[in-house]
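Here's the structure we're looking at; comments come further down.
Just so you know, these numbers use all the heavy atoms, side chains as well, and skip hydrogens, waters and symmetry mates. Read the numbers this way: they start at 1 and go in the same order the structure lists the ligands and their atoms.
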Amino acid sequence: MIRNPVPWPHGARCAVAFTFDMDADSILHLAHHTSADTRVAALSMLRYGPEVAVPRLVDLYARFGMHQTFFLPAWCMERYPAAVETILTGGHEIAHHGYLHEHPNACEPDEELYWFQRAIDVIERLTGQRPRGFRAASYRFSRHTLDFLIQEGLIYDASLMGDDVPYLLENDKGQVIELPAHYAMDDWPHFMASRDLGYMMSPKSPQQAFEVYQAEFEAMWEYGGLWIAVWHPFLSGRLARCVAMAKLIEHMHQQGQVWFATLEEIATHDRHVMSDGLWTPRRDRLPYYEGPIPELGPAAPTLAR
Ligand SMILES: [Zn+2]
């Protein structure tokens with residue numbers, strides 16, 4: 001089913017990473033800059049992430065002796081230093097998630113680079129080291145993001161969805177390892193509801209959402225894949241969801257032959273097995289397109305769309 005499964009450490013059947021995007025209220029300021037301060041209920045819902053959920057999640061993962069990757073917009077690191085301290089004290093990785101959750105593919109290249117570098121400066125100042133990995137806000141990786149990842153020396157990206165195992169993103173300037181996820185593994189479609197942010201979907205029960213995550217795990221375990229959760233503390237850190245999360249972690253430990261790791265550890269391992277000739281990744285050359293496809297250019301007959 002998977003043509004090039006990664007030889008995971010210790011004979012593990014699959015690799016598992018619970019990753020958390022601690023967006024806090026950055027997303028509200030981005031969406032409603034001039035009125036975010038008046039949307040108090042939405043602010044309280046989003047502040048639940050750094051204030052309540054992050055300490056709970058760090059305690060939960062300490063109980064299982066597991067370390068995870070937290071993606072933080074750098075503005076959130078400046079705004080919520082206690083959450084940063086809690087994450088670092090718990091031994092977790094902090095990775096790059098923009099400065100204010102800006103969408104790279106909505107920026108001009110020079111603007112994208114400005115925010116990208118500004119976020120790196122904050123991460124370096126508050127953690128003592130440069131980030132190793134990046135996830136574009138809302139997965140909105142741009143046509144220029146790979147250039148900036150290479151230029152700034154990051155080793156992995158976790159924004160794209162092109163495989164069940166790691167693969168390489170490359171262009172003329174270099175390459176980074178892609179650690180892919182997909183929407184079924186994101187808690188947003190399962191749980192997000194916010195009138196202020198324009199999402200009025202019915203939240204699923206924890207059991208329904210975790211049925212999806214568990215099915216993904218069983219398949220990845222069977223065929224040697226990479227299971228990456230893309231979860232938000234203000235959503236998945238809510239109490240009943242954390243209870244379901246603990247049950248899933250217990251199930252994974254009972255099943256055994258699972259490598260629990262941070263994304264930095266997974267990317268580093270991938271580089272080692274590549275250089276030792278033990279694994280050949282699939283390669284995606286970017287950009288996929290230089291611009292809009294010519295078949296639908298101005299001279300083309302109108303299509304019914
Ligand atoms: Zn985010």
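Among protein atoms, those of element N, O or S found less than 2.8 Å away from the Zn ion (ligand 1) are D23 OD1, D23 OD2, H97 NE2, H101 NE2.
Of the residues Q68, H67, H92, R132, the one that meets the side chain to side chain contact (heavy atoms under 4.5 Å, CB included) test with T262 is H67.
With sequence neighbours left out, F134 forms a ring-ring contact (aromatic ring centres under 6.0 Å, His included) with H96, F116. Partners of D172 according to the salt bridge (Lys or Arg N to Asp or Glu O under 4.0 Å) rule, which considers only residues two or more places apart in sequence or in another chain, are R285.
Pairs of residues two or more places apart, or lying in two chains, never qualify as salt bridge (Lys or Arg N to Asp or Glu O under 4.0 Å) while including a residue from residues 209-228.
Both tests pass for R241 against the ring of F191: distance under 6.0 Å to the centre and angle within 45° of the axis.
By the 30° and 60° cut-offs, the orientation of the rings of W227 relative to Y213 is perpendicular.
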